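Every value quoted in this text rests on a predicted model; they were computed, and no experiment measured them. Atoms within each ligand, like the ligands themselves, are counted from 1 in listed order.
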Amino acid sequence: MVITGKDMGKKGKVRFVYPDKNRLLVEHVNMIKRHARAAKQARQAGIIEREAPINASNVMLVCTKCNRSVRIGQRFLEDGSKVRYCKSCNEVLD
Ligand SMILES: [Zn+2]
């Protein structure tokens, strides 16, 4: 869920994470219009709408079980992989 900016309150799935830039691409959030040039490889020309990445500090994770933004913790699984979990219901979110 987006907590600040023009898309405040919008919810969407995180489609892509840019860890080095601390940015996220969230579905249907921060839509921008791009003028696509009619290049040989392009399937369509004209104006296309797509998501632009937003700063990770502008979003909060929404727990699918609680259905609200929650405090997130991190813990390690038995196989050593790190997961995030909801601190209110303990549901693993990754
Ligand atoms: Zn929860």
Enclosure of Lys6 NZ (heavy-atom neighbours >12, cutoff 6.0 Å):
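Result for NZ/Lys6: enclosed.
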Donor-acceptor contacts, no H, no angles, side chain residues 8-17, under 3.5 Å, sequence neighbours left out:
residue, atom, partner, partner atom, Å
Lys10, NZ, Asp7, OD1, 3.0
Arg15, NH2, Glu51, OE1, 3.4

Once salt bridge (charged side-chain N to carboxylate O under 4.0 Å, His left out) is applied, do any residues pair with Glu91, and if so which ones, sequence neighbours excluded?
Lys65
Any side-chain heavy atom of Ser88 within less than 4.5 Å of one from Cys63?
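A side-chain contact under 4.5 Å is absent here.
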Hey, which protein N/O/S atoms does the Zn ion (ligand 1) have under 2.8 Å?
Cys63 SG, Cys66 SG, Cys86 SG, Cys89 SG
Name all pairs fulfilling the salt bridge (Lys or Arg N to Asp or Glu O under 4.0 Å) condition that reach into residues 52-61, sequence neighbours left out, sorted by first residue then second.
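Every pair satisfying salt bridge (Lys or Arg N to Asp or Glu O under 4.0 Å) with a residue in residues 52-61: there are none.
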Measure across Tyr85 and Gln74 and return the closest heavy-atom pair with its distance rounded to 0.1 Å.
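Looking at all heavy atoms of both residues, the closest pair is CE2-N, 3.5 Å.
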